[in-house]
Undergrad: 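Got a structure for you, questions after.
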Amino acid sequence: GDYTLHILIEQIKNAVCKNKDMLPSPCVKMTCFSKSQRTAKLKNNCSDNIYNEHFYFDQTDLSVSQLDKEKILIEVYDYNNSSKEDYLGIYEFDIQYVYNFPNHTMKNTWIALANPKAEDITKINGYLKLSISVLNDNDPRIELTPSIDDNSDNCLIPSQIKLRYKEISIQIFKGDGISDEDDATKKVGKKCEGFVEVSYMGTKLKTEVVDMVNDLIEWNTTINLGITIPAVSKTIEFAIKDKDLMKENYLGAFSFSVEDILNDRYPTFFYANVYGGCGNSHNEYYKEMNTNSVLGSKWKGRVLMKITVLETDKPYNSVVKMDPKKDANLIQLAGLTRRPNLWTFYCKVLDVYYLPFKDESYSIRIEADLECFRLFSKKKAINRNLSIQEGTNVQVYTCNKNIEEVNDIFIYLEKEGKRICFQRIKAKYLLNNTNTMIVKLIPEPSVGIVKDTQMTGLVKLKLRLVNGVLPQNE
């Protein structure tokens, strides 16, 4: 009979480059019926990409025995390095294997990318998601559509790789300084009714809703998360939400690398910093900035946590409220946890160029959190430029001496009290930095005042972080 092979290449995740300092340009090559096709060359190098490209292979007069022998070869390589030994992954399907699926269709399936020709054949170089249908002319047509579900159970692992299982125990104790500015329609005096939502591989687990008391929310909850090693997704996402009568409002978010957790980066109590948007809660970008910590333009609070990893043969997911009696010592230790480690940001703003509006007055704000900030003098721009020439110190405190626990630093351009442009810099990039920096600001989309992405402000400044007190001669 006549057969049509339809392949939908959906997306790739966690693709690695041979050169660890660079990103790959992943290309997917498909071969079947002695014909080959490839995905389009990407404009930019990346480790994650959504393709959603459809490919068709037709073969006429194919007997059942011939069909049994036909294979589908999937090869994923870096466009900048096409050596077979350096391919990200090679995977082969029997066409009969796909044809035996319901409706002769294998839908929305992840493939762990490993290269059997590489020196280390067990190394996972990324994950590819695809759908495949193999249809005879007499079979009903099946439409292949992309799926956003990251279900790790639907993942094919090359035979040379042995699966292992871990259980991540995430202890969530309390939220401090959690912003409650999500809904301007709240009644005066109404406090946040907050909970934490943990998301991984399509699974969502939640703490119970707890009222804020004295600006603290105490959850004292353990969330157990079962994962497969190797896993498809590289991050665990956390969202802080406020439960209102009719809806749930996003207040902010943060995330952790699964690799960091498995490498025991969080052996003791620590605070996770929460980030989100700082504009209008009804703005379309505000929710997105509150749900994706990478996009956040403002520090929105901190959550006291502890994360441990357990070996297991049968991983499972659960939410367990800590028992006030059985877990009394743990809860007490969490309650006594302080932030004794001092970090000092030294900042001197020199000049600002290419401001958004002519002959307007602006201020520059440097902020780490709600208590650690400095608003520099308001001045009127001349030809879109400002001369500030002011310095300040901003101090923050952490539980541990791990720089990853230090707040990101925010640089804001303010106009009439609104933060119209900003830039966010991770603390680790500022540690003991003595160089003068030129920082390009970007529009704050949830404020929505600046539209021109070219004229957003260039800030010339000195910005340095030290562990402890700044030396007296500075």
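Values in this document were obtained by computation on a predicted structure and should not be read as measured data. Each residue takes its place number in the sequence, starting with 1.
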Undergrad: Does Thr207 use its side chain to pair, donor to acceptor, with the backbone of Val196 at less than 3.5 Å?
TA: yes
Undergrad: If you draw a 6.0 Å radius around NZ in Lys426, do more than 12 non-hydrogen atoms from other residues or ligands fall strictly inside?
TA: no
Undergrad: Tell me if the CD1 atom of Ile50 is crowded by more than 12 foreign heavy atoms within 6.0 Å.
TA: no
Undergrad: Would you tell me whether Thr235 and Glu237 have side-chain atoms, one donor and one acceptor, within less than 3.5 Å of each other?
TA: yes
Undergrad: Please name the pair of heavy atoms, one in His104 and one in Tyr99, separated by the smallest distance, quoted to 0.1 Å.
TA: ND1-O, 2.7 Å
Undergrad: Are Ser318 and Asn224 linked by a side-chain donor-acceptor pair shorter than 3.5 Å?
TA: yes
Undergrad: In terms of relative ring orientation, are Phe238 and Phe256 parallel, tilted or perpendicular, with 30° and 60° separating the classes?
TA: perpendicular
Undergrad: With side chain to side chain contact (heavy atoms under 4.5 Å, CB included) as the test, pick out the partner of Cys421 among Ile449, Leu441, Ile442, Val447.
TA: Leu441
Undergrad: Looking only at the side chains, is there a donor atom on one of Lys204 and Ser199 sitting less than 3.5 Å from an acceptor on the other?
TA: yes
Undergrad: To the nearest 0.5 Å, what is the distance between CD on Gln423 and CD1 on Ile411?
TA: 7.0 Å
Undergrad: Tell me if the CD atom of Gln395 is crowded by more than 12 foreign heavy atoms within 6.0 Å.
TA: yes
Undergrad: So how far is it from Lys401 NZ to Trp343 CH2, rounded to the nearest 0.5 Å?
TA: 8.5 Å
Undergrad: Between Phe410 and Tyr275, how do the two ring planes meet: parallel, tilted or perpendicular, split at 30° and 60°?
TA: tilted
Undergrad: Assess the residue pair Ile170 and Thr222 against the criterion (side chain to side chain contact (heavy atoms under 4.5 Å, CB included)); give the C-alpha distance rounded to whole Å, side-chain angles, the decisive distance to 0.1 Å, and a yes or no.
TA: CA-CA 6 Å; Ile170 304 169; Thr222 300; over 6 Å; no
Undergrad: Mind listing the closest non-hydrogen atom pair of Val450 and Pro443 along with its distance?
TA: O-CB, 3.5 Å
Undergrad: Is there a donor in the side chain of Lys415 and an acceptor in the side chain of Tyr362, or the other way round, less than 3.5 Å apart?
TA: no
Undergrad: Would you say that Lys348 contacts Leu461 through its side chain, given a criterion of any heavy-atom pair below 4.5 Å between the two side chains?
TA: no
Undergrad: Could you give me the CA-CA distance, side-chain angles and deciding distance for Glu390 and Arg374, then say whether salt bridge (Lys or Arg N to Asp or Glu O under 4.0 Å) is met?
TA: CA-CA 11 Å; Glu390 295 181 30; Arg374 166 69 189 276; 3.1 Å; yes
Undergrad: Do Lys440 and Thr456 meet the criterion of a side-chain donor-acceptor pair at a distance under 3.5 Å?
TA: yes
Undergrad: Test salt bridge (Lys or Arg N to Asp or Glu O under 4.0 Å) on Glu193 and Lys243 and set out the steps.
TA: CA-CA 5 Å; Glu193 297 173 347; Lys243 178 71 172 179; over 6 Å; no
Undergrad: Determine whether the side chains of Ser446 and Glu444 contain a donor N or O and an acceptor N or O closer than 3.5 Å.
TA: yes
Undergrad: With side chains defined as the heavy atoms from C-beta onward, is the minimum distance between Lys428 and Glu404 less than 4.5 Å?
TA: yes
Undergrad: Quick one: closest heavy-atom pair of Cys46 and Asp48, and the distance?
TA: SG-O, 3.3 Å
Undergrad: Does Asn433 use its side chain to pair, donor to acceptor, with the backbone of Asn435 at less than 3.5 Å?
TA: yes
Undergrad: Check each of Asn341, Asn400, Thr398 against Glu405 using the side chain to side chain donor-acceptor pair (under 3.5 Å) test, and report the only one that passes.
TA: Asn400
Undergrad: Side chain to side chain contact (heavy atoms under 4.5 Å, CB included) for Phe376 and Ser363? Distances and angles first, verdict last.
TA: CA-CA 6 Å; Phe376 292 97; Ser363 299; 6.0 Å; no
Undergrad: Determine the minimum heavy-atom distance between Trp219 and Glu208, stating which atoms define it.
TA: CD1-O, 3.5 Å
Undergrad: Would you check if there is a donor-acceptor pair between the side chains of Ser131 and Glu10 at a distance under 3.5 Å?
TA: yes
Undergrad: Looking at Ile9, Ile132, Leu130, which one forms a side chain to side chain contact (heavy atoms under 4.5 Å, CB included) with Met30?
TA: Ile9
Undergrad: Give the C-alpha distance, both sets of side-chain angles, the deciding distance and a yes or no for side chain to side chain contact (heavy atoms under 4.5 Å, CB included) between His6 and His54.
TA: CA-CA 7 Å; His6 178 192; His54 294 262; 2.8 Å; yes
Undergrad: Using side-chain heavy atoms (C-beta onward) and a distance below 4.5 Å, is Ile12 in contact with Leu113?
TA: yes
Undergrad: What's the separation between atom CZ in Phe93 and atom OG1 in Thr109, rounded to the nearest 0.5 Å?
TA: 7.0 Å
Undergrad: Which heavy atom of Pro340 sits nearest to which heavy atom of Cys399, and what is that distance?
TA: CD-O, 3.8 Å
Undergrad: Can you confirm whether more than 12 heavy atoms, excluding those of Phe357, are under 6.0 Å from its CZ atom?
TA: yes
Undergrad: Find out whether Leu465 and Asn432 are in side-chain contact, i.e. whether some heavy atom of one side chain is under 4.5 Å from a heavy atom of the other.
TA: no
Undergrad: Is Lys241 paired with Glu197 through a side-chain N to carboxylate O contact shorter than 4.0 Å?
TA: yes
Undergrad: Is a donor from one side chain sitting under 3.5 angstrom from an acceptor on the other, for Lys300 and Asn273?
TA: no
Undergrad: For the residue pair Cys27 and Val76, establish whether any side-chain heavy-atom pair is separated by less than 4.5 Å.
TA: no
Undergrad: Evaluate the criterion salt bridge (Lys or Arg N to Asp or Glu O under 4.0 Å) for residue pair Glu367 and Arg365; output intermediate values, then yes/no.
TA: CA-CA 6 Å; Glu367 183 173 298; Arg365 174 188 287 263; 3.3 Å; yes
Undergrad: Taking the side chain as every heavy atom from C-beta outward, state whether Ile307 and Phe270 have any pair of such atoms under 4.5 Å apart.
TA: yes
Undergrad: Do any N or O atoms from the side chain of Asp323 and from the backbone of Lys325 form a donor-acceptor pair under 3.5 angstrom?
TA: yes
Undergrad: Please round to the nearest 0.5 Å and tell me the distance separating atom CG of Leu42 and atom OG of Ser25.
TA: 4.5 Å
Undergrad: Evaluate the ring planes of Tyr97 and Phe101, with Trp represented by its six-membered ring, and classify them as parallel (under 30°), tilted (30 to 60°) or perpendicular (over 60°).
TA: perpendicular
Undergrad: With a 4.5 Å limit on heavy-atom distance, are the side chains of Thr221 and Val320 in contact?
TA: no
Undergrad: Could you walk me through whether Tyr127 and Lys13 pass side-chain hydrogen bond (donor to acceptor under 3.5 Å, both in side chains), step by step?
TA: CA-CA 5 Å; Tyr127 297 87; Lys13 276 190 175 185; over 6 Å; no
Undergrad: Give a yes or no on whether the backbone of Asp260 and the side-chain of Arg265 come within a donor-acceptor separation of less than 3.5 Å.
TA: no
Undergrad: For Asn292 and Ala253, work out which heavy atoms get closest and say how close.
TA: N-CB, 4.2 Å
Undergrad: Could you walk me through whether Phe269 and Tyr271 satisfy the ring pair (Phe, Tyr, Trp, His ring centres under 6.0 Å) test, starting with their C-alpha distance in whole Å, then the side-chain angles of each, then the deciding distance to 0.1 Å, before giving a yes or no?
TA: CA-CA 7 Å; Phe269 294 102; Tyr271 273 102; 9.6 Å; no
Undergrad: Can you tell me how far apart CG (Asp176) and CZ (Arg302) are? Round to the nearest 0.5 Å.
TA: 5.5 Å
Undergrad: Would Asp369 and Val396 satisfy side chain to side chain contact (heavy atoms under 4.5 Å, CB included), going step by step from the backbone distance to the final call?
TA: CA-CA 8 Å; Asp369 60 36; Val396 297; 4.3 Å; yes
Undergrad: Would you say the side chain of Leu458 lies within less than 4.5 Å of the side chain of Val439, judging by non-hydrogen atoms?
TA: no
Undergrad: Could you give the distance from CD (Glu167) to CG (Asn317), rounded to the nearest 0.5 Å?
TA: 8.0 Å
